[in-house]
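Comments concern the structure below.
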2 protein chains.
Amino acid sequence: MADEALTAGAAARRLGVAVTTLRTWHQRYGLGPSRHESGHHRRYTADDMSRLQIMQRLTAEGVAPAEAAAWALSQAAPEQPGPPDPRPARTDPAPAVRGLTRAAMRLDAPAMRDTLCTAIRERGVIGAWTDVMAPALIVVGERYEATRRFVEVEHLLSRAVTEALAAVEHAAGIPRIMLAAADEEQHTLPLEALAAALAQAGVPTRLFGARVPPQALLDAIARTGPAAVVLWSQRPATGLPAQLTRVRDVPHPPVVVAAAGPGWPEDDLPPGITRLKSLTEAVGLLSDF
Amino acid sequence: MADEALTAGAAARRLGVAVTTLRTWHQRYGLGPSRHESGHHRRYTADDMSRLQIMQRLTAEGVAPAEAAAWALSQAAPEQPGPPDPRPARTDPAPAVRGLTRAAMRLDAPAMRDTLCTAIRERGVIGAWTDVMAPALIVVGERYEATRRFVEVEHLLSRAVTEALAAVEHAAGIPRIMLAAADEEQHTLPLEALAAALAQAGVPTRLFGARVPPQALLDAIARTGPAAVVLWSQRPATGLPAQLTRVRDVPHPPVVVAAAGPGWPEDDLPPGITRLKSLTEAVGLLSDF
DNA sequence: CGGAACCTGCGTCGATTCGTGCGTCGATTA
DNA sequence: TAATCGACGCACGAATCGACGCAGGTTCCG
């Protein structure tokens, strides 16, 4: 099935962009079918498609479209030493965030994966989370709040982040730290980031996802007797301090019981409870175990 | 009834199209009698007829004729070597299942990861899912049903399976297959298994998790125009056939709209919907794209 | 730091081009 | 003699065309 000429719509569909965008790219940047006379329909050959894919990949990395197009055009022939890594990285996370949100809007899972893995490789888990993942999640979240659309974008991005964090090499050893979400709490991405960050610091953990009933959590704590327990709460509705004291008062209490996340009250935490305010702080405290 | 070979008029009558249309199909798409020399009369064999029927069914479902013809022709390759049931002396899955459920009860994530990775390595994704993961999930699920305890075990196991499946090397290329959960459906592990199995077979996919509103899904399908869409439903409450027809009737309908999972009705599926009954069947059908 | 200019993806509109099924015609086949 | 052949053409709906404009975001500049 070597369709040697894709129609405009087919090409757009294959790339996950709108048809009009292809036309725009053509007339604005000259990035179109190699042979095309005005008025007639465009036919995208395999070569054309590979140029479009370069364009798409570069923009997914946060390169400005005009620049990406120029670069894609200069790549008439296939296979060369690859793009000059348009990432001053370390210093400027903005392109990565932009590329990530763009890939998410396009529902482009592979591109998201790529960006996320690169971010983790280059910045470490903590840097990737604070500079790239969290900002992108906030951008997409706010866009949803504002428009009430694009939920699927949000979910897909969450999933990509989850996968990227889960792919971090797990630390060996018996976990003595337990990470759990507060009752009813659905958001656990920050917890997963914490787990990944600790893993990267060589600290093994036990990560409990959402939807673990309080009693089951207490049972599990009693059974495994962790040295530290971190409870995450995103929304105030789930940040009931009673949960913390129940953990603290378990038969063989953990040395540290920590409350993390914006859902907990600012100051009124019960005695014996540690407040964790940032990823860095959390990793610093918990890697002593 | 060994109809040696149908004449052009007979074939046309049998299909309900004009004779000239058959000739057009032949010269435009190459979809004609397998043996035919120019100037002589066409004779359609049973094989030819079945190809024509594929053509007709697809066009009746709204697939563009050119595409339908290409598809019908690709099916021409009669009798693929057949799935030779790749089951060379695999190790007995029972120990793995037992080990996995035990590790889950122990909340021992590293051990679960280990078992799962080994299973995937030794049995491939399909084998690992059907022989190890699914059975273990069923065991744990039944244990929860019976005792109303150990939810956390179930969640932890689910998460470990998700991670293991997500770790399978993703296939490169632009995905033309979309996997999604039915509305309100929360269970997506089987979908993740399908995605991983396809990835292992070199087929890129777009996996939509749960909680994607139906309208958003339709938008995404319209925007990306996948060649195939698989909708998963675990519970009958979520298996409403209307969802399938809505996908089928989208502007650029996918060539294949498939219903997978036990939630869909046994027989009463709308026309043009493919029922997928097993992982193997699904991979076999979908890897042709 | 705030506002204006600019960039960019994409929806919309009326006009045009294409894909497609099928009728017609003179010649050929069965 | 009836059916079919290849070639040609037509009608109609779908897809696409170029032009334009809008909305969000970014960059620039005072």
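Computation of the quantities below employed the complete heavy-atom set of this structure, encompassing side-chain atoms and omitting hydrogens, waters and symmetry-equivalent molecules. Just so it is clear: chains get the letters A, B, ... in the order the sequence lines come, proteins before strands, and each one is counted from 1.
Per the geometry, CD belonging to B:Q27 stands 12 Å off P belonging to C:dG21, to the nearest Å. Rounded to whole Å, the distance from NE2 on A:H26 to C1' on D:dT16 is 14 Å. Between the C1' atom of C:dG9 and the CZ atom of A:R102 lies a distance of 9 Å, rounded to the nearest Å. What separates CE of A:M55 from C1' of C:dG9 is a distance of 10 Å, to the nearest Å. Taking atom CD of A:E67 as the reference point, atom C1' of D:dT27 lies 14 Å away to the nearest angstrom. In this structure, A:Q56 atom CD and C:dG9 atom C1' are separated by 13 Å, rounded to whole Å. Per the geometry, OH belonging to A:Y44 stands 17 Å off P belonging to D:dA15, to the nearest Å. The distance from atom CZ of A:R98 to atom P of D:dG24 is 18 Å, rounded to the nearest whole Å.
Listed nucleotides: C:dC18, D:dC5, C:dC22. Nearest to the side chain of A:H40: C:dC18. Taking every side-chain heavy atom of B:H41 into account, D:dT4 is the closest of D:dT26, D:dT4, C:dG11. Checked against D:dA15, C:dG9, C:dC22, the side chain of A:W25 finds its nearest nucleotide in C:dG9. The listed nucleotides are D:dT4, C:dT24, D:dA15; the one nearest the side chain of B:T7 is D:dT4.
Close to C:dC22, at under 4.0 Å from its OP1 or OP2, lies a side-chain N or O of B:T21. At least one side-chain nitrogen or oxygen of B:R23 sits closer than 4.0 Å to the OP1 or OP2 atom of D:dC5. Side-chain N/O atoms of A:Y29 include none lying less than 4.0 angstrom from OP1 or OP2 on C:dC7.
Side chains of A:T162 and A:E192: a donor on one and an acceptor on the other come within 3.5 Å. Between the side chains of A:D47 and A:S50, no donor-acceptor pair is found at a separation under 3.5 Å. Using modelled atom types and a 3.5 Å distance limit, the side chains of B:T238 and B:D183 yield no donor-acceptor pair.
Between A:R13 and B:A8, the residue anchored closer to the 5' end of DNA chain D is B:A8, taking for each the nucleotide with the nearest heavy atom. In terms of position along DNA chain D, the nucleotide closest to B:R43 lies nearer the 5' end than the nucleotide closest to the other residue of the pair B:R43 and B:R28.
Heavy-atom contacts from other residues, nucleotides or ligands closer than 6.0 Å to CD of B:E184 number 12 or fewer.
In this structure, the side chains of A:P65 and A:R102 come closer than 4.5 Å at one or more pairs of heavy atoms.
Looking at heavy-atom distances under 4.0 Å, A:H36 makes contact with sugar-phosphate atoms alone, never a base.
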